[in-house]
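In what follows, chains carry the letters A, B, and so on, assigned in the order in which the sequence lines appear, proteins first and then strands, with residues in each chain numbered from 1.
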Amino acid sequence: MLDKTLSPASFEQRIYEGWEASGAFGADPGSAAPPFTIMIPPPNVTGSLHIGHALTFTIQDILVRWRRMQGRDTLWQPGTDHAGIATQMVVERLLAGQGVDRREIGRDRFLDHVWEWKGQSGGNITRQLRRLGASLDWPRERFTMDAGLSEAVRKVFVTLHRQGLIYRDRRLVNWDPKFQTAISDLEVESREVKGSLWHLRYPIEGEPGRFITVATTRPETMLGDTAVAVHPEDARFRDLVGRHAILPLVGRRIPIVADEYSDPEKGSGAVKITPAHDFNDFAVGKRHGLPLPSVLDADGRITLEEIEGDLAAVENLADPGFVRGLAGQDRFVARKAIVAELERLELVAAIEPHLHAVPHGDRSGVPIEPRLTLQWYCDAATLAQPAIKAVESGQTVFVPRHFENVFFSWMRDIQPWCVSRQLWWGHQIPAWYAPDGSTFVAETEEEALAEARAKLGPEVTLQRDPDVLDTWFSSALWPFSTLGWPQQTPELAKYYPGDVLVTGWDIIFFWVARMMMMGHHFMGDVPFRTVYIHGLVRDEKGQKMSKSKGNVIDPLELVEKYGTDALRFTIASLATPGRDVKLGPKRVEDYRSFGTKLWNAARFCEMNGIGPDPAFDPATVTTPLGRWLLSTADAAVAEATAALEAFRTDDYASACYRFVWGSFCDWFLEFAKPALNGPDGPEKTEIKGVAQHVLGLILKLLHPVMPYVTEELWDRFGYGPDYSLIRQEWPRPAVVAGAEAAKAELDWVIRLITEVRGVRAEMNVPPSVTVPLLVSGASAATLSRADRWLDVIRRLARATEIRPLEGEAPRGVAQIVVDEATILLPLADVIDIAAERGRLAKERARLEGDADKVAAKLANQDFVSRAKPEVVEENRERLATAKAEIARLDAALARIGD
RNA sequence: GGGCACUUAGCUCAGCGGUAGAGCGCCUCGCUUACACCGAGGAUGCCGGCGGUUCGAAUCCGUCAGUGCCCACCA
């Protein structure tokens with residue numbers, strides 16, 4: 001016997017282990033079955049499952065389980081990401097707690113610590129994925145820093161370098177002063193900051209008492225100014241172009257140049273140019289051949305090294321002690337000091353409060369410093385071209401489609417990708433330098449050395465580039481590196497390109513775009529055919545979840561409390577493509593009842609001896625109830641399948657919900673009760689056969705979204721060997737003989753019962769009162785129908801009997817119209833005649849309003865001549881039906897008397 | 001500044017050219033032998049505003065307004 005209540009905790013773990021042990025998740029490259037491939041977006045190896053994971057992996061698992069049931073050779077490729085900065089940060093913090101600084105212990109020992117940490121916490125996320133029910137092909141699990149993937153990374157780097165698509169360049173990068181590394185444009189986020197706009201007066205050379213005022217938000221960088229720019233058309237400054245200003249504090253003579261970058265509307269109309277600390281100024285500096293002195297070091301502290309010459313030359317112009325004293329000061333401390341000093345010198349013309357966007361490191365949270373350094377870059381613009389074409393031509397399609405615009409707009413204006421990071425945890429760049437500065441890029445040190453020796457002589461020694469690659473560099477290779485590339489494996493041949501990539505819109509640029517680039521370049525084909533973009537999970541109020549807000553939902557807590565299936569069903573129901581999902585415990589609690597409903601329906605079946613019957617053949621079903629259920633089930637299968645094909649897990653969940661709850665439980669099981677309670681016979685046997693058949697079908701239909709409870713029921717009922725539902729064939733819609741007639745008949749019964757219930761409720765007839773149904777004006781077919789369904793109608797409509805009305809209607813009746821028949825409920829004792837008359841009149845008015853609208857439509861010549869014929873016909877029928885019903889209501893009103 | 005999305009029942013959202021839908025919530029009734037995480041019944045909408053296209057618009061086009069987001073921008 002099934003327990004009275006559904007308790008997911010009692011079987012979830014056992015079932016998952018059963019599946020995994022049976023190899024049900026495994027792909028088989030040797031099989032003839034067509035593949036279905038999803039590459040997991042690799043979570044951080046040391047991370048733990050958050051609600052966003054629950055969303056993306058639930059969607060993926062639904063697709064995977066469904067395709068597997070459809071007979072596809074399914075590969076859901078698992079793995080984890082080394083997550084360079086994030087992981088290094090965690091371990092650094094851990095060590096700091098023990099009083100250890102990574103710089104003290106050195107690179108090798110630090111990396112030992114990171115590997116140790118990975119060993120300790122690396123299993124968390126995969127254990128949690130198992131709890132979610134994710135049917136990943138675990139034996140194929142990969143890690144972005146395992147030997148194979150590292151080989152792929154080196155191969156790609158070397159190849160792109162040979163092709164000129166990876167190169168080293170000295171230019172401004174986004175420098176994160178906290179992590180002391182370069183980061184890519186994508187890792188920078190703008191934050192609105194309340195600051196000030198300082199108007200500084202720079203003296204004009206040779207004209208004592210005359211100044212040019214520049215406006216800046218960053219006075220501390222003035223030490224590195226090498227020009228002042230004004231707009232060429234700006235009359236205010238025309239006579240100053242070509243002359244020089246004297247940089248205060250430093251005394252450097254800097255040219256006043258005309259450049260269109262300067263905006264006369266902004267600030268004072270003149271702008272200081274600091275080429276080494278501002279991206280725009282860098283471009284201006286290049287145009288005018290200006291020097292590029294850096295005045296901030298890796299920590300974001302003032303350094304005077306590169307302006308020593310200036311200082312030495314002109315020390316008489318300022319207080320040398322002040323400038324010297326700035327050396328080593330933090331940039332924000334220096335800002336205050338410089339402003340104070342300039343104020344003292346009366347060189348501050350104005351200070352305006354100013355709200356502006358300041359770039360911050362997305363992980364460090366500190367303001368980013370543009371800094372002139374030597375880094376490795378990838379020529380993304382070139383790699384982007386085929387990727388753009390692939391989306392344009394539909395080789396890869398985004399779902400929903402409008403995300404293609406997001407993809408295009410970024411890809412068409414893509415900047416060189418800075419791929420080097422000044423970190424230790426990651427793929428060390430395979431580049432070696434000789435003492436003379438020559439660079440050797442090779443997959444191994446031996447190769448690099450051999451090359452160097454050939455070129456520079458046998459004595460040469462090489463030093464490896466200490467930097468590592470951006471984590472997303474290895475992620476970009478994920479769709480083929482996990483399959484064994486650069487080796488030509490059977491997996492690579494069969495599972496590339498993948499079918500679907502499922503991910504959130506927040507990493508289209510970071511990951512999707514880069515996989516598109518690398519996949520196309522190295523495999524000659526796109527990495528996936530479809531990119532399914534889902535939203536982000538927010539709390540019930542639509543707020544972003546964050547630790548600081550304290551509104552973070554732990555998916556494992558929800559699993560603990562409501563069961564995995566409830567969480568999965570909730571997510572599936574709420575996930576509309578591309579839209580954010582508002583989720584809270586309440587929603588999961590609501591959807592949990594669906595699993596309970598299924599459980600209880602199954603219990604009912606069990607109690608009535610309904611169970612697997614291999615001999616049952618749907619084609620032999622003759623009862624209207626059986627045929628109705630089978631055809632309704634088929635419609636649900638068709639709907640669910642179409643929804644999954646369109647990546648609509650919400651529609652899929654809703655189709656299942658409506659069929660199971662609305663059709664199977666509310667009507668079929670209720671209709672089946674009289675037969676099930678009655679004596680054995682062919683009808684009872686058939687109803688039981690249909691019930692077990694459709695219960696099995698329901699379990700299959702729901703399995704992708706609620707794998708645990710369906711598998712448990714499958715096993716408990718003995719539909720197949722243990723843990724075999726996962727391998728069952730996905731149901732196909734079938735043609736059911738006599739489906740139309742059965743539907744007409746059942747619809748009639750359902751309407752009759754619903755109408756009777758309605759009028760009873762409205763007349764406040766207590767459920768304990770049962771009444772006869774007197775039928776007037778019914779056809780012979782209707783009377784025989786009523787007879788056939790007598791037991792059901794008596795039970796569900798609280799009726800004593802159904803018989804034709806003979807002679808005059810009794811006094812005090814409530815009346816309902818079902819098709820051609822009018823049903824009278826004699827309720828002399830309880831009925832309020834006036835209320836009944838009012839009810840009928842209201843119904844008549846509603847119908848008349850309806851009829852008038854339709855009649856007006858049909859009177860419109862344009863409508864009749866231009867609308868589709870079937871629409872016109874449909875309206876004619878509607879009018880006729882309404883009119884007939886009005887006539888019957890008139891009769892009913894007459895019957896009721898005064 | 002450029003772009004995208006959204007605005008439908010109290011709440012959360014489907015629907016995207018032919019009679020306005022679901023879940024939850026709410027109201028009334030009910031322990032009818034699967035289920036109170038239940039059953040039966042009910043109320044609730046100028047489908048953001050204004051124009052246009054169409055025989056017909058919640059659905060298509062334009063426009064305005066509000067909301068959210070992405071990209072750019074340390075004068």
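The aromatic rings of Y532(A) and H534(A) sit tilted, their planes meeting at an angle between 30° and 60°.
Minimum atom distance to the side chain of S262(A) is reached by A75(B), of the listed A75(B), U19(B), G30(B).
Using a 4.0 Å heavy-atom cutoff across all strands shown, K868(A) reaches at least one base atom of the nucleic acid. Contacts of H199(A) with the nucleic acid, taken as non-hydrogen atoms under 4.0 Å apart, are absent. Using a 4.0 Å heavy-atom cutoff across all strands shown, S573(A) reaches no nucleic acid atom at all.
With hydrogens and angles left out, the side chain of E352(A) and the base of A75(B) share no donor-acceptor pair within 3.5 Å. Under 3.5 Å, the side chain of S190(A) and the base of C73(B) form at least one donor-acceptor pair of N or O atoms.
When W417(A), F407(A), W410(A) are each tested for a ring pair (Phe, Tyr, Trp, His ring centres under 6.0 Å) with F509(A), only one passes: W410(A).
Not counting sequence neighbours, the partners of S184(A) by the side chain to side chain donor-acceptor pair (under 3.5 Å) test are E187(A).
Atom CD1 of I571(A) is separated from atom CG of L558(A) by 8.5 Å, given to the nearest 0.5 angstrom.
Summarising the geometry of L172(A) relative to D278(A), their closest heavy-atom pair is CD1-O, 3.2 Å, with the distance given to 0.1 Å.
Within a 6.0 Å radius of NZ in K561(A), other residues, nucleotides and ligands contribute 12 heavy atoms or fewer.
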Nucleotide pairing, RNA chain B (Watson-Crick or G-U, distances under 3.5 Å), in dot-bracket with [ ] and |: ((((((((.[[[[.)..(..]]]].(((((.......))))).....[[[[[..)....]]]]])))))))....
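Comparing C665(A) and D263(A), the nucleotide of RNA chain B nearest to each residue sits closer to the 5' end for C665(A).
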